[in-house]
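First listed ligand is number 1; within each ligand, the first listed atom is number 1.
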Amino acid sequence: MPATCVIGLQWGDEAKGKIVDLLTEQHDVVVRYQGGSNAGHTVVTAGQTYKLSLIPSGIFRPHVQCVVATGVVVNPASLLDEIDGLTKRGVAVGKNLSVSDRAHVIFPWHIEEDRLLDRCADGEAIGTTMRGIGPCYRDKVGRSFAVRLGDMYRHDFRDRVDSIVAAKNRLLAGMDEQPGREPLNAAKIYAQYNGYAERLKPYVADTTAYLLDAVEAGRKLLFEGAQGSLLDVDHGTFPFVTSSNSSGVGVSAGSGVPGRYITKVIGIVKAYTTRVGGGPFPTEQDNAIGQHIRDVGNEYGTVTRRPRRCGWFDAVAARYTARLGGVDVLAVMLLDVLSELPELNICVAYELDGRRIDRFPSHVDDLRRVKPVYEAMPGWQQKITGVRQRADLPPKARAYLDRLSSLLGRPIEIVSVGPDREQTILA
Ligand code: IMP
């Protein structure tokens with residue numbers, strides 16, 4: 001009864017979608033368990049590029065059941081757009097997709113709140129994706145204003161929308177510094193969401209029961225993490241994080257499947273580091289090297305198209321998240337992006353107040369103050385996008401991979417040298 005998890009070990013965008021797509025062949029069920037349409041997954045298959053947000057990448061394999069589990073926050077309009085977009089391109093979406101009736105629903109007020117409250121206590125911007133993710137999770141934990149997908153089919157849905165809209169209008173009016181905001185219209189929102197509910201009905205299910213049945217019956221589950229571990233609300237670079245448990249710890253909470261069923265955790269890293277939005281990033285290269293990585297790696301947000309901040313591989317951060325996630329093996333992505341650089345740096349430790357540390361600081365202010373301690377390695381300066389065997393990589397590229405592996409204390413099982421499914425080196 002193997003269950004495999006794919007977890008990003010950095011600040012997201014580690015190209016997890018490609019690995020999930022590769023692994024789905026050997027699995028029966030693919031599960032998204034946290035996050036929402038803030039995530040962007042790109043899958044390139046048969047020369048076609050697909051961008052997915054909520055729907056698991058397994059949707060391209062007809063034998064695979066795709067599950068959007070309880071811990072995900074669902075914007076019904078985005079989900080329907082994705083379903084329609086896939087259907088138009090000939091990808092079947094029907095019984096092969098189920099969405100948890102316990103998943104919380106994103107409403108227009110969440111998106112407004114994201115716009116009004118994208119700030120830390122000191123005023124610094126978090127830089128969210130403005131998809132209403134944080135406000136929806138806040139309402140889930142707060143309970144009073146929460147709506148779960150299953151609630152949209154209950155007799156009191158209309159009343160619930162009315163009372164939440166009345167309260168939210170008061171709250172939003174109090175928060176907005178620009179007077180004259182048009183209030184939310186409960187009747188309009190109800191009509192819109194009732195329409196969504198009708199269309200989503202065939203997909204809505206008790207996914208917790210389904211997943212427990214599946215795992216107890218020995219079916220093979222693949223858990224697809226969204227974002228990266230450093231954005232985890234509890235263990236990441238708080239408050240510059242997303243609002244869910246995007247590290248390995250989120251799998252059970254978000255899916256309902258006990259951790260004891262998880263037999264393999266694959267930690268995904270880029271060969272360098274990127275980050276979107278605010279917050280400290282010790283190895284950031286706000287210079288020509290960062291720009292080179294951004295250009296070659298096309299480092300622009302899948303969802304927001306924001307340019308990603310780019311920098312050297314941070315082994316202190318990735319070792320921390322590999323341990324946190326109980327990672328067994330690593331997949332190193334986008335190695336080809338580093339091919340032209342004459343010299344590469346790996347951050348092997350930090351210096352904080354003149355002392356060398358190899359622990360990832362728990363407070364964001366300490367992380368801001370650390371200075372990376374770099375180890376320089378020669379670049380290979382050779383094209384590697386056509387390489388399919390580890391032995392055929394230039395020796396300097398192999399040495400770079402070996403160093404990452406020893407710093408993280410885990411073997412590298414997969415190396416990606418291009419976006420296509422075929423551009424992959426398996427151990
Ligand atoms: P939110 O998830 O929209 O609330 O955004 C919170 C932080 O997480 C911001 O810094 C976002 O840029 C970042 N973030 C959210 N989703 C992703 C993702 O899929 N990739 C990378 N960063 C993300």
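- Using a 3.5 Å distance cut-off with no hydrogens or angles, the side chains of Ser100 and Thr70 do pair a donor with an acceptor.
- In this model, no donor atom of one side chain and acceptor atom of the other lie less than 3.5 Å apart for Trp11 and Thr274.
- Contact annotation for Asp114 and ligand 1: no heavy atom of the residue comes within less than 4.0 Å of the ligand.
- Counting only heavy atoms of the protein, atom 2 (O) of ligand 1 lies nearest to Thr242 OG1, 2.6 Å.
- Inspection of the Ser163 and Arg160 side chains reveals no N or O donor paired with an N or O acceptor under 3.5 Å.
- Where the criterion is an N or O separation shorter than 3.5 Å, residue side chain and backbone included, Gln227 meets it with respect to ligand 1.
- Here the protein heavy atom with the shortest distance to atom 9 (C) of ligand 1 is Gly127 O, 3.2 Å.
- If you check the side chains of Arg89 and Gln48, you find a donor sitting under 3.5 Å from an acceptor.
- Remark: ligand 1 and Thr129 share an N or O pair separated by less than 3.5 Å (distance only, no angle test).
- For atom 5 (O) of ligand 1, the closest non-hydrogen atom of the protein is Thr128 CA, 3.3 Å.
- Listed by atom number, the atoms of ligand 1 under 4.0 Å from Ile126 heavy atoms are 10 (O).
- Remark: ligand 1 and Leu231 share no N or O pair separated by less than 3.5 Å (distance only, no angle test).
- For ligand 1, the atoms closer than 4.0 angstrom to any heavy atom of Ala39 are 19 (O).
- Trp109 and Phe145 have their aromatic ring centers separated by at least 6.0 angstrom.
- Considering CG of Leu221 and CD1 of Ile262, their distance stands at 9.5 Å, rounded to 0.5 Å.
- The only option from Thr321, Thr237, Asn245 that meets the side-chain hydrogen bond (donor to acceptor under 3.5 Å, both in side chains) definition with Asp232 turns out to be Asn245.
- With hydrogens left out, the protein atom closest to atom 20 (N) of ligand 1 is Asp13 OD1, 3.0 Å, a heavy atom.
- Protein heavy atom closest to atom 7 (C) of ligand 1, with residue, atom name and distance, is Val241 O, 3.7 Å.
- Counting heavy-atom neighbours within 6.0 Å of Glu25 CD, excluding the residue itself, gives a total of 12 or less.
- For the pair Arg131 and ligand 1, the shortest N or O to N or O distance does not fall below 3.5 Å.
- In summary, the side chains of Ser246 and Gln227 do not present any donor paired with an acceptor at a separation below 3.5 Å, with no hydrogens or angles considered.
- The distance from ligand 1 to the heavy atoms of Arg306 drops below 4.0 Å at these ligand atoms: 11 (C), 12 (O).
- With a heavy-atom cut-off of 4.0 Å, Trp11 touches ligand 1 through its backbone alone.
- A side-chain donor-acceptor contact under 3.5 Å links Thr128 and Asp114.
- Of all protein heavy atoms, the one closest to atom 10 (O) of ligand 1 is Val276 O, 3.1 Å.
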